[in-house]
Q: 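Submitted below is the structure of interest, expressed as structure tokens.
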Amino acid sequence: MSSSPMRPWFRFHLLTAVLMMFVATFFIFQNLHYVYADPVFIVGWPLKFYWATRDNDADARLGAASEVLVALLDVGIAVSAMGFMAFISESVLRRREARKP
């Protein structure tokens with residue numbers, strides 16, 4: 001019997017949580033940044049979506065469904081990047097823990 005119990009698979013290390021916070025902060029700040037190109041605002045990263053600054057400028061505005069789809073894809077990409085980073089971080093940390101005598 002070992003002296004230390006096995007860590008459950010779902011428990012993250014503190015370093016992984018901090019790295020996930022930095023990745024989330026990166027995506028939040030990239031998505032809050034906007035560019036004003038008259039007559040539209042351009043927002044979003046890695047996918048961009050547009051909205052008109054004037055109500056009568058319908059040609060500059062994409063449909064509401066496509067804006068929601070792009071926003072959901074942005075969130076999906078951010079969650080995937082955070083999950084990938086957490087998987088890599090946990091793999092490295094657990095491998096390092098397993099080598100300790």
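Fair warning: this is a prediction, and the values are worked out from it, not measured in the lab.
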Q: Could you list the cluster mates of Val79? Members are the ILVMFWY residues connected by side-chain heavy atoms closer than 4.5 Å, either directly or through other members.
A: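 Members alongside Val79: Val75.
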
Q: Would you give the length of the straight line joining atom NE2 of His13 to atom CZ of Arg94, rounded to the nearest 0.5 angstrom?
A: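 Here the rounded value is 6.0 Å.
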
Q: Could you measure the distance from the CG atom of Leu73 to the CG atom of Leu47? Nearest 0.5 Å is fine.
A: 6.0 Å

Q: Would you tabulate the side-chain donor-acceptor contacts of residues 14-28 under 3.5 Å, counting partners in other chains and residues two or more places apart, or write 'none'?
A:
unit_1: Thr16; atom_1: OG1; unit_2: Ser89; atom_2: OG; d: 2.9
unit_1: Thr16; atom_1: OG1; unit_2: Glu90; atom_2: OE2; d: 2.7
unit_1: Thr25; atom_1: OG1; unit_2: Met21; atom_2: O; d: 2.8

Q: Can you tell me how far the CG atom of Asp74 sits from the CG atom of Leu69, to the nearest 0.5 Å?
A: 10.0 Å

